[in-house]
Protein chains: 2
Amino acid sequence: MRQEDAPLVRTLPLFAGASEMTVEKLLQASFLQRFPAQVELISEDQPADFFYVVLEGCIELFANAGPKQSTAAIVRPVSSFAAAAVLRDGNYLLSARTVEQSRVLMIPGESVRAAFAGDAAFAKAFALELASAYRRTMKALNNQKLRTAIERLANYLLQEHQTQGATGNLTLPTEKQTLASLLGMTSENLSRSFGALAAHGVKVTGRDIQLSDIAGLETIAKPIPLIDDPAY
Amino acid sequence: MRQEDAPLVRTLPLFAGASEMTVEKLLQASFLQRFPAQVELISEDQPADFFYVVLEGCIELFANAGPKQSTAAIVRPVSSFAAAAVLRDGNYLLSARTVEQSRVLMIPGESVRAAFAGDAAFAKAFALELASAYRRTMKALNNQKLRTAIERLANYLLQEHQTQGATGNLTLPTEKQTLASLLGMTSENLSRSFGALAAHGVKVTGRDIQLSDIAGLETIAKPIPLIDDPAY
DNA sequence: AAGGTTACTTGATATTTATCAAGCGGTTTA
DNA sequence: TAAACCGCTTGATAAATATCAAGTAACCTT
């Protein structure tokens with residue numbers, strides 16, 4: 001890792017509380033790498049050599065089963081992936097590709113496990129990161145099992161709207177086919193779902209979405225904190 | 001906790017490697033409780049006071065959204081739940097009820113966090129437990145998104161068949177309606193899916209299932225290690 | 001700016017899954 | 001023993017979702 005990037009990286013929540021020495025050792029062994037769009041960073045079923053922290057850009061995590069493919073998550077700054085695989089010293093469960101040009105911190109699994117064993121504060125921060133990923137995934141499972149496609153889309157829009165500042169507008173971070181896969185539907189079905197939401201103030205212009213009837217959208221979405229509040 | 005139960009509890013993988021003092025402190029504060037069937041142990045959205053280890057019996061974890069309900073997991077000995085909620089000192093994401101009479105070790109969240117901070121070996125074991133739960137959930141999500149109802153059932157049967165000794169027979173651990181909810185379908189649909197699998201050597205007698213054509217069932221199920229191998 | 005590729009949309013249709021309603025068989029309860 | 005209940009199954013139907021096939025619009029690329 002280059003010297004000039006160190007200050008930025010040190011402010012990561014993952015390193016908050018960790019000893020100077022721990023951070024030093026971790027960063028010494030790490031790579032701060034820039035990748036172009038559509039590059040596959042890791043492939044499922046491979047040994048988990050690195051733990052990844054997304055600093056800039058956007059990463060898609062996905063799984064394959066035969067000819068089918070499903071997007072499991074979209075990771076945006078500052079967040080991480082592959083925590084479980086690295087801690088277990090096992091294999092990746094998901095593949096990862098850049099959605100757009102991205103800057104990523106790659107920490108060797110061996111270093112992570114050493115820091116985990118040697119620094120209680122880092123262990124806590126890392127485990128909390130893992131716990132967050134777990135809860136996000138559990139919510140995604142509930143979302144998938146308890147809701148229809150339109151409800152999932154409506155909730156996604158409401159959440160993204162919040163994340164992007166609740167201005168009445170939002171921009172999809174990915175192509176619609178990726179969003180469709182994330183939401184567990186085909187892209188045709190996503191198109192039609194957007195069509196159905198048009199009657200409730202959802203105006204789609206390419207990737208830009210305008211929401212003119214939040215309340216109406218909420219009656220469709222029926223959001224519940226347990227699934228939809230990111231803080232939970 | 002009663003003295004006579006201590007030896008049993010000390011052999012738990014969760015405590016392997018932890019110092020004598022850590023285990024002592026944890027157990028001192030814990031309760032080893034026996035519950036009858038169909039008792040709700042925790043309710044989603046409540047403060048996560050306890051971390052649970054299932055020693056005997058069977059626990060169902062489930063989520064509600066309005067009138068709908070979905071079984072997220074069936075926890076059997078020796079395994080745990082609520083690790084993430086307790087570590088974060090947050091709220092439970094799922095409700096839990098006993099499927100049958102069960103014996104459960106309840107460890108106060110405060111004690112868990114103290115042990116995590118003070119004992120690196122315990123921290124590692126606890127985080128690995130969390131990582132396992134995370135990966136199981138991610139596999140469940142992929143299972144749900146990438147497969148049809150019949151495929152999910154076929155894979156469930158194959159896996160349960162393995163777990164129960166691969167004798168050609170297996171017994172469902174829960175009522176069929178619970179299984180249906182776990183597999184993300186209605187109980188009517190489960191009935192029909194069993195019906196469809198009859199042509200592939202699946203004979204159903206109440207909760208007892210006989211599999212006479214494993215190979216045929218596998219061509220239906222198309223299992224892949226990344227989703228179906230519990231060791232992954 | 002032209003051409004080609006790709007993403008997206010739309011329509012028609014098929015498949016999957018859920019819902020509603022009834023009935024069956026076993027167990028519990030009065 | 002009869003009645004009530006519960007889990008499960010089965011049938012008929014409806015809703016949700018996927019698939020297949022064009023067509024359109026957006027975007028590269030040259």
Side-chain angles (χ1 to χ4, degrees), chain A residues 36-38 58 60 65-71 97 99-101 143-157 171-199 202-209 220-222, chain B residues 36-38 60 65-71 97 99-100 143-157 171-199 202-209 220-222:
Chain A
Q38 298 300 328
C58 189
E60 177 191 1
K68 287 192 165 189
Q69 190 166 308
S70 165
T71 300
R97 74 165 77 93
V99 170
E100 55 193 54
Q101 179 181 283
N143 190 39
Q144 185 68 33
K145 287 176 75 179
L146 290 164
R147 287 177 168 155
T148 67
I150 292 184
E151 288 170 344
R152 293 196 297 275
L153 174 58
N155 277 295
Y156 175 85
L157 293 176
T171 302
L172 302 179
T174 65
E175 290 182 348
K176 284 190 186 132
Q177 48 188 331
T178 304
L179 175 61
S181 181
L182 177 69
L183 295 178
M185 61 183 98
T186 58
S187 59
E188 292 96 328
N189 199 4
L190 177 63
S191 257
R192 286 184 241 272
S193 297
F194 268 125
L197 291 183
V202 177
K203 193 167 151 195
V204 181
T205 315
R207 281 204 200 169
D208 296 319
I209 316 283
I220 302 279
K222 298 177 285 293
Chain B
Q38 299 300 328
E60 177 191 1
K68 287 192 165 189
Q69 190 166 308
S70 164
T71 300
R97 73 165 75 94
V99 170
E100 52 187 74
N143 190 39
Q144 185 68 34
K145 287 176 74 178
L146 290 164
R147 287 177 169 154
T148 67
I150 291 184
E151 288 170 342
R152 293 197 296 275
L153 174 58
N155 277 295
Y156 175 86
L157 293 176
T171 302
L172 302 178
T174 64
E175 291 182 346
K176 286 192 184 129
Q177 48 188 331
T178 304
L179 176 60
S181 181
L182 177 68
L183 295 178
M185 62 183 100
T186 59
S187 59
E188 293 96 326
N189 199 5
L190 177 63
S191 257
R192 287 184 240 273
S193 297
F194 268 126
L197 290 182
V202 176
K203 195 167 149 194
V204 180
T205 314
R207 280 203 201 170
D208 296 320
I209 316 282
I220 303 281
K222 299 178 283 294

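Order of the sequence lines sets the chain letters (A, B, ...), proteins ahead of strands, with each chain counted from 1.
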Protein-nucleotide distance ([X], atom [atom1]; [N], atom [atom2]), rounded to Å:
{"X": "B/L153", "N": "D/dC8", "atom1": "CG", "atom2": "C1'", "value": "15 Å"}
{"X": "B/L179", "N": "D/dG7", "atom1": "CG", "atom2": "P", "value": "15 Å"}
{"X": "B/L197", "N": "D/dT9", "atom1": "CG", "atom2": "P", "value": "13 Å"}
{"X": "B/L190", "N": "C/dT16", "atom1": "CG", "atom2": "C1'", "value": "15 Å"}

Original post:
Among all residues two or more places apart in sequence or in another chain, which pass the side-chain hydrogen bond (donor to acceptor under 3.5 Å, both in side chains) test with B/Q38?
Top reply: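 Result, side-chain hydrogen bond (donor to acceptor under 3.5 Å, both in side chains) vs B/Q38: none returned.
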
If I take atom [atom1] from residue [X] and atom [atom2] from residue [Y], how far apart are they, to the nearest 0.5 angstrom?
{"X": "A/L153", "Y": "A/S193", "atom1": "CG", "atom2": "OG", "answer": "6.0 Å"}
{"X": "B/F194", "Y": "B/L172", "atom1": "CZ", "atom2": "CG", "answer": "5.0 Å"}
{"X": "B/L146", "Y": "A/Q69", "atom1": "CG", "atom2": "CD", "answer": "9.0 Å"}
{"X": "A/Q177", "Y": "A/T186", "atom1": "CD", "atom2": "OG1", "answer": "11.5 Å"}

Original post:
Residues in side-chain contact (heavy atoms from CB on, under 4.5 Å) with A/V99, at least two apart?
Top reply: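 A/C58, A/E60, A/T174.
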
Collect all protein-nucleotide pairs involving nucleotides 4-7 of chain C in which both atoms are nitrogen or oxygen and the distance is under 3.5 Å.
from	atom 1	to	atom 2	distance (Å)
C/dA7	OP1	A/Q177	NE2	3.3
C/dA7	O5'	A/Q177	NE2	3.4

Original post:
Tell me, for nucleotides 22-30 of chain D in 5' to 3' order, what letter each nucleotide earns: B for a base near a protein heavy atom under 4.0 Å, S for only sugar-phosphate near one, - for neither?
Top reply: ---------

**OP:** Determine, for nucleotides 10-18 of chain D in 5'-to-3' order, which nucleotides have protein heavy atoms under 4.0 Å from the base (write B), from only the sugar-phosphate (write S), or from neither (write -).
**Re:** BBB----SS

For the side chain of [X] and the backbone of [Y], is there at least one donor-acceptor N/O pair under 3.5 Å apart?
{"X": "A/K68", "Y": "A/G66", "answer": "no"}
{"X": "A/R152", "Y": "A/N143", "answer": "no"}
{"X": "B/N155", "Y": "B/A221", "answer": "yes"}
{"X": "A/K145", "Y": "B/S181", "answer": "yes"}
{"X": "A/K176", "Y": "A/G206", "answer": "yes"}

**OP:** Any chance you could lay out the side-chain contact (heavy atoms from CB on, under 4.5 Å) test for A/Y156 and A/L179, step after step, and finish with the verdict?
**Re:** CA-CA 10 Å; A/Y156 175 85; A/L179 175 61; 3.5 Å; yes

Original post:
Within a strict 4.5 Å, meaning less than it, do heavy atoms of the B/L197 and B/I220 side chains meet?
Top reply: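 Yes, close enough: below the 4.5 Å cut-off.
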
Subject >> Axis bend over the full length of the helix from C/dA1-D/dT30 to C/dA30-D/dT1, computed from five pairs that close each end, to 10 degrees >> reply: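 Result, rounded to 10 degrees: 40°.
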
